[in-house]
Every structure is written in C-alpha cells, then in structure tokens.
> 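Just passing along the structure, written as structure tokens.
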There are 2 protein chains.
Amino acid sequence: MSTTNHQKVYYSVLEEIRNYIDHHRLVSGDKLPSERELAETLYASRSSVREALRAMELLGLIQTRHGEGTFLSNYQSYESVELLASFILREKHTRQELATVKLLLEKEATKLAIHFAENGDFMKLKTIMHTANSGENEKHMAFFQYIFDMTNNLLIKKIWLIIVSFTQTLHDLYYEQTFYKDVITALQEKDSPKIEQLFFEQLINR
Amino acid sequence: MSTTNHQKVYYSVLEEIRNYIDHHRLVSGDKLPSERELAETLYASRSSVREALRAMELLGLIQTRHGEGTFLSNYQSYESVELLASFILREKHTRQELATVKLLLEKEATKLAIHFAENGDFMKLKTIMHTANSGENEKHMAFFQYIFDMTNNLLIKKIWLIIVSFTQTLHDLYYEQTFYKDVITALQEKDSPKIEQLFFEQLINR
DNA sequence: ACTGAATAAGTGGTCAGACCACTATGGAGT
DNA sequence: ACTCCATAGTGGTCTGACCACTTATTCAGT
C-alpha cells in the first residue's frame with residue numbers, strides 16, 4: 001500500500017538534463033557537461049548518468065563523440081522511431097499490411113508534395129525514371145525519396161524508409177511502368193483525386 | 001564483447017536482446033533473462049547491458065520490476081512518454097510533422113474501413129461519440145481505435161498509437177464536434193472523396 | 001501434518017574506481 | 001611562425017561491491 005515514490009536515479013537525471021537544456025537555452029549542436037561533471041553536479045554515479053545519456057542517444061536526442069563530448073542533436077533524427085519499429089515489425093505482420101501501409105504513405109506524400117512542387121521537380125523526377133543503369137527497385141526508391149523530401153516532413157519519410165526496408169526483403173517495391181509517368185503528370189496538374197485513383201489502381205492490381 | 005566496427009557494446013546488446021526475443025518467440029509479459037545472465041551470455045559487462053535495457057525501458061518496450069526481473073511490455077505504457085515528448089517536441093517543426101502524420105493515418109484508416117464496415121459498426125461509432133462521462137480526447141481515441149480495428153491492419157494501428165501517444169502530451173487530439181458525425185455518414189455511404197474532404201478541412205483549420 | 005515466520009537465493013538499483021581509446025590543446029623545439 | 005607530441009579531458013567499458021526488493025525455501029512451533 002505504501003506508494004513509495006522511489007524514482008530511479010537515471011530517470012531523475014533525465015529530467016535534470018532536460019531542465020539544464022531549458023535553463024541554459026541550449027540549442028542543437030551545443031555541448032552538454034561531461035559525464036563526470038553531470039555525475040558530480042547531480043549527486044549521482046557516472047553509471048547512472050550514462051544510463052540516462054545512452055537512452056537519450058539511442059533516441060537520437062543527443063550525439064556523443066568519443067573524446068570530445070556530448071552534444072544536442074543537430075537535427076530531429078527520429079532515431080526512436082527506428083528502434084520502436086525494429087521491435088514492432090519483428091512481429092507477425094503480413095506482407096499485405098506492410099504493402100498497404102507503404103502504398104498509403106507514398107500516396108499521401110505525393111499529395112502533400114503537390115503544395116511544394118516547382119517546375120524543376122517534374123524534370124528531376126522524369127530524369128530519375130529514365131536513368132538507364134539502375135534497377136526498377138532503385139528507381140522506385142529514388143523517385144519517392146525525392147517526393148518525400150518535397151513534403152518537408154521528415155517523420156513520414158522516416159516511417160516510409162523503415163517500411164520499405166522490411167518490404168524489400170519480401171518482394172519488389174515498384175509499380176507498373178506507366179504509373180510513375182502518370183503520377184508526375186497528376187502532380188504537375190495538382191490533381192489530387194487523380195493521384196488517389198492512380199494509387200488505388202495499384203492497390204487492387206496486387 | 002567485441003568492439004569491432006566501432007559498434008558500441010550497448011547497441012550490440014540491444015540487437016542481441018531483440019534477436020533473443022525473436023528467437024524465443026517471447027510475447028508481452030514474458031520474462032527476459034536477468035541482467036547478470038545477459039551480461040554473461042553476451043560477453044558484456046552488466047553496465048553495458050543496463051544501458052541497453054534502460055533505453056528499452058524508456059521507450060516502453062520492457063518493464064522492470066525491482067526484485068522480480070525484466071519483462072517484455074506491450075509498449076502501451078504511457079509512463080515515460082511525457083518525458084520523452086518533452087525532449088522530442090521541443091521544436092515546433094516536429095509538432096507539425098506529428099500532427100500531419102496523425103491526421104493522414106486517421107484519414108486513410110477511415111477510407112480503408114469503408115470496405116469492412118457493417119451496419120452494426122455505425123451504431124457502435126455513434127454510441128462512442130455519445131458517451132456522456134468521457135472527455136473529448138477519450139472519445140477521439142475510442143472512435144479511431146474502433147476505426148483502426150475495422151481495417152484489419154494491425155501495423156497501421158500501431159504506428160498511429162505511437163504517434164498519438166506523443167501528440168497527446170502536447171495538445172488535444174480531437175477535431176470539431178460535427179466532424180465525427182459527418183465521418184460516420186460518409187463511411188455509411190462509402191463516400192471516399194467525402195472523407196478526404198472532411199479531413200482536409202481539419203487540416204487547414206489548424 | 002499443518003501453519004507461519006525466519007532465512008536464503010535471485011533480481012534489479014546504485015555506486016566507486018579503474019583502465020582504455022580518442023580528441024583537442026598548448027608548450028617546447030625548430 | 002611552424003611542427004610535433006606530451007598531456008589533460010572526454011567518452012567507452014569493465015569489475016566488484018553493496019543495497020533493496022521479491023520469491024522460494026527452510027524450519028520451528030503448534
């Protein structure tokens with residue numbers, strides 16, 4: 001019944017580090033105190049401090065450089081998403097589920113890209129699809145990598161990359177040859193329903 | 001443990017643990033080997049094993065009980081999410097990305113659900129939204145949880161759950177009151193473009 | 001034979017200290 | 001002014017110890 005509020009040390013360390021970041025107005029790239037200094041300041045052992053820092057590192061919140069120090073990550077890398085995914089995707093998800101999510105992400109990204117696409121982009125996409133010395137899977141990857149970059153949404157791209165990496169081991173990634181050309185056209189005409197239709201055709205073609 | 005390839009020990013440990021879970025077909029609630037046993041098996045120190053376990057714990061992948069052991073979790077534990085979110089959501093850009101992906105997933109799930117919806121489902125959804133003694137966020141969760149279950153796609157649901165758990169700590173999840181009613185109607189009429197339109201209105205309303 | 005309390009064994013939680021590997025720095029020698 | 005390298009500072013890892021908590025075992029009292 002005793003509600004012992006025994007918080008683990010590494011957890012308090014995490015909170016303290018967050019407070020430190022806030023209080024010192026640290027931004028990406030700034031250096032954190034050394035492990036030994038943190039340990040002394042927070043009255044914790046270096047092991048406990050490291051447990052907290054390693055967790056943060058794995059989540060992509062910080063970046064450690066051997067011999068240099070610990071730094072706030074320069075960009076939001078969504079490392080935690082990858083780690084989570086590697087555990088979630090280990091389960092018995094069917095090929096069907098993976099393929100569906102992959103297609104949905106590609107479709108939505110394309111529709112998002114409508115709002116950002118400029119003239120040069122269409123040319124670039126066409127060039128990608130006409131690169132001679134690359135396989136269909138490589139073209140597909142390059143094509144949508146470009147699309148996802150256009151969306152300015154790193155998170156959705158990250159999720160897609162993970163899904164794709166799992167899909168790739170099962171079967172091919174790519175759609176029909178004419179599909180990509182049609183997508184570029186629809187993108188150019190900012191025709192969202194057309195994109196919806198194009199992907200839907202691929203969905204039922206499987 | 002071998003330090004070849006500059007791979008940090010705690011990271012190898014993490015991969016090994018994932019392999020162990022995979023190989024032994026562990027499911028939620030199952031017990032992992034003790035820290036000492038893992039250290040011995042993986043030729044790593046207990047400190048390194050703990051660094052890996054703490055990171056997994058922070059992500060809600062495992063649950064440790066003092067004196068008992070370490071157990072595989074169903075990663076529904078929202079315990080550390082708030083702390084995690086306080087780190088991850090520091091940048092406005094990140095919040096935007098999360099909100100967009102959340103909306104896209106909900107939209108696509110709803111459209112997928114069209115193909116599975118039966119008469120009883122609409123009634124059930126209406127009931128959820130008319131439950132008196134529950135907040136708007138709870139209604140929203142229950143509503144879409146039901147939608148996602150209809151899609152028979154566990155993967156997309158899990159992705160959504162993770163996204164939502166982070167979003168929730170920051171601001172409200174839900175849309176306008178009339179929105180849900182309109183969605184049910186569109187679902188009933190299998191009107192995919194209407195669903196598209198409804199969500200799009202919410203997107204620009206932010 | 002049964003019950004219950006004391007004990008032991010196993011587990012996570014934490015700490016201190018040691019050593020290694022790597023990086024940046026600054027001073028000695030040119 | 002330049003180069004070189006010893007050195008200090010940093011993260012990376014390991015060992016061993018002790019504490020706190022939970023469960024299993026033992027054993028005394030009935």
Side-chain angles (χ1 to χ4, degrees), chain A residues 1-17 20-21 24 26 29-74 77 79, chain B residues 1-17 20-21 24 26 28-73 77 79-80 83:
Chain A
M1 178 122 206
S2 64
T3 57
T4 49
N5 210 345
H6 251 172
Q7 188 166 234
K8 292 177 188 172
V9 173
Y10 91 95
Y11 200 85
S12 342
V13 170
L14 277 173
E15 295 178 321
E16 289 298 330
I17 291 177
Y20 180 92
I21 293 172
H24 288 77
L26 294 195
D30 287 350
K31 191 170 178 302
L32 285 173
S34 73
E35 297 181 351
R36 288 169 178 84
E37 193 179 333
L38 280 173
E40 192 179 356
T41 307
L42 307 179
Y43 302 105
S45 71
R46 206 184 139 203
S47 326
S48 294
V49 170
R50 276 188 63 83
E51 289 182 9
L53 289 178
R54 253 9 81 208
M56 287 180 68
E57 180 183 65
L58 210 50
L59 271 43
L61 302 172
I62 59 174
Q63 191 181 348
T64 52
R65 295 203 281 272
H66 195 173
E68 291 186 63
T70 306
F71 304 84
L72 266 189
S73 269
N74 2 353
S77 60
E79 301 262 351
Chain B
M1 171 155 284
S2 70
T3 51
T4 55
N5 291 343
H6 315 117
Q7 169 119 298
K8 291 179 188 172
V9 173
Y10 84 94
Y11 198 84
S12 325
V13 169
L14 202 78
E15 294 177 323
E16 290 298 328
I17 292 177
Y20 179 92
I21 293 171
H24 289 75
L26 295 195
S28 300
D30 287 350
K31 192 172 178 298
L32 284 173
S34 73
E35 295 180 351
R36 289 169 178 85
E37 194 179 333
L38 280 173
E40 194 179 355
T41 307
L42 306 179
Y43 303 106
S45 71
R46 208 183 139 205
S47 339
S48 295
V49 169
R50 277 185 63 84
E51 289 181 6
L53 288 178
R54 262 359 91 210
M56 289 179 66
E57 184 181 64
L58 196 61
L59 273 178
L61 295 170
I62 59 172
Q63 192 179 350
T64 52
R65 295 203 280 272
H66 195 175
E68 292 185 64
T70 307
F71 303 85
L72 206 56
S73 164
S77 54
E79 302 168 23
S80 57
L83 178 66

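Below, chains carry the letters A, B, ... as their sequence lines are ordered, and counting in each starts from 1. All values derive from a computational prediction rather than experimental measurement.
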> Just checking B:Y11: does its OH atom have more than 12 heavy atoms from other residues, nucleotides or ligands closer to it than 6.0 angstrom?
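Not more than 12 within 6.0 Å, no.
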
> Does B:T64 reach a base, just sugar-phosphate, or nothing at all? Heavy atoms under 4.0 Å.
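B:T64: backbone/sugar contact only, no base atoms under 4.0 Å.
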
> Using OP1 and OP2 only, check whether a side-chain N or O of B:R50 sits under 4.0 Å from C:dG13.
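Yes, such a contact exists.
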
> Expressed as a whole number of angstroms, how long is the span from A:Y10:OH to C:dG13:C1'?
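The answer, rounded to whole Å, is 11 Å.
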
> Quick check on C:dG13: is either OP1 or OP2 less than 4.0 Å from any side-chain nitrogen or oxygen of A:S48?
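So the side chain of A:S48 is outside the cut-off, no N or O lying under 4.0 Å from OP1 or OP2 of C:dG13.
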
> Which pair of non-hydrogen atoms, one from A:G60 and one from A:S73, has the smallest distance, and what is that distance?
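Looking at all heavy atoms of both residues, the closest pair is O-OG, 2.9 Å.
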
> Under the 3.5 Å rule, do the base of D:dG9 and the side chain of A:R36 count as making a donor-acceptor pair?
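Flag unset: no donor-acceptor pair detected.
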
> B:R65 CZ to D:dT23 C1': how many Å, rounded?
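After rounding, the gap between these two atoms is 13 Å.
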
> Roughly, in whole Å, what's the span from OH in A:Y11 to C1' in C:dG12?
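About 18 Å, once rounded to whole Å.
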
> Can you identify which nucleotide, out of D:dT13, C:dT11, C:dT14, has its nearest atom closest to the B:S34 side chain?
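Comparing D:dT13, C:dT11, C:dT14 against the side chain of B:S34, the answer is C:dT11.
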
> CD of B:E40: more than 12 outside heavy atoms within 6.0 angstrom?
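It does not: B:E40 CD has 12 such atoms or fewer within range.
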
> Rounded to the nearest angstrom, tell me the gap between atom CZ in B:F71 and atom C1' in C:dG10.
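The distance from CZ of B:F71 to C1' of C:dG10 comes to 12 Å, rounded to the nearest Å.
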
> Return the OG to CD distance between B:S45 and B:E35, rounded to the nearest 0.5 Å.
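Reported value, rounded in 0.5 Å steps: 11.0 Å.
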
> Is the shortest side-chain N to carboxylate O distance from A:E51 to A:K8 below 4.0 Å?
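A:K8 and A:E51: not salt-bridged.
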
> Starting from P on D:dC14, measure out to CG on B:L42 and report it in whole angstrom.
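Rounding to the nearest Å, CG of B:L42 and P of D:dC14 are 11 Å apart.
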
> Closest to the B:S45 side chain: D:dC14, D:dT10, D:dT23?
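Of the options given, the side chain of B:S45 lies nearest D:dC14.
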
> Less than 4.0 angstrom between a side-chain N/O of A:T70 and OP1 or OP2 of D:dG11, yes or no?
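So the side-chain polar atoms of A:T70 do come within 4.0 Å of the phosphate oxygens OP1 or OP2 of D:dG11, strictly under.
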
> On DNA chain C, nearest-nucleotide positions of B:G69 versus A:V9: which is more 5'?
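Its nearest nucleotide lies further toward 5', so the answer is B:G69.
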
> Under 3.5 Å, is there an N or O donor on one side and an acceptor on the other linking the side chain of A:R54 and the base of D:dG12?
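No such pair is found, so the answer is no.
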
> Roughly how many Å is it from CD in A:E40 to P in C:dT14, rounded to a whole number?
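It works out to 20 Å between those atoms.
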
> With centres under 5.5 Å and planes under 30°, do A:H66 and D:dG12 count as stacked?
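Taking the rule of under 5.5 Å and under 30°, the ring of A:H66 does not stack on D:dG12.
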
> Using atom NZ of A:K31 as one end and atom P of D:dG9 as the other, report the distance to the nearest whole Å.
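After rounding, the gap between these two atoms is 12 Å.
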
> Between A:E35 (CD) and C:dA16 (P), how many Å, whole number?
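Checked: the CD to P distance equals 15 Å.
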
> Between A:E57 and A:G67, name the one whose nearest nucleotide on DNA chain D is closer to the 5' end.
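Looking at DNA chain D, the more 5' nearest nucleotide goes with A:G67.
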
> Let me spell it out: for each of A:S47 and B:L32, pick the nucleotide of DNA chain C with the closest heavy atom. Which residue's pick is nearer the 5' end?
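Whichever sits nearer the 5' end wins; that is B:L32.
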
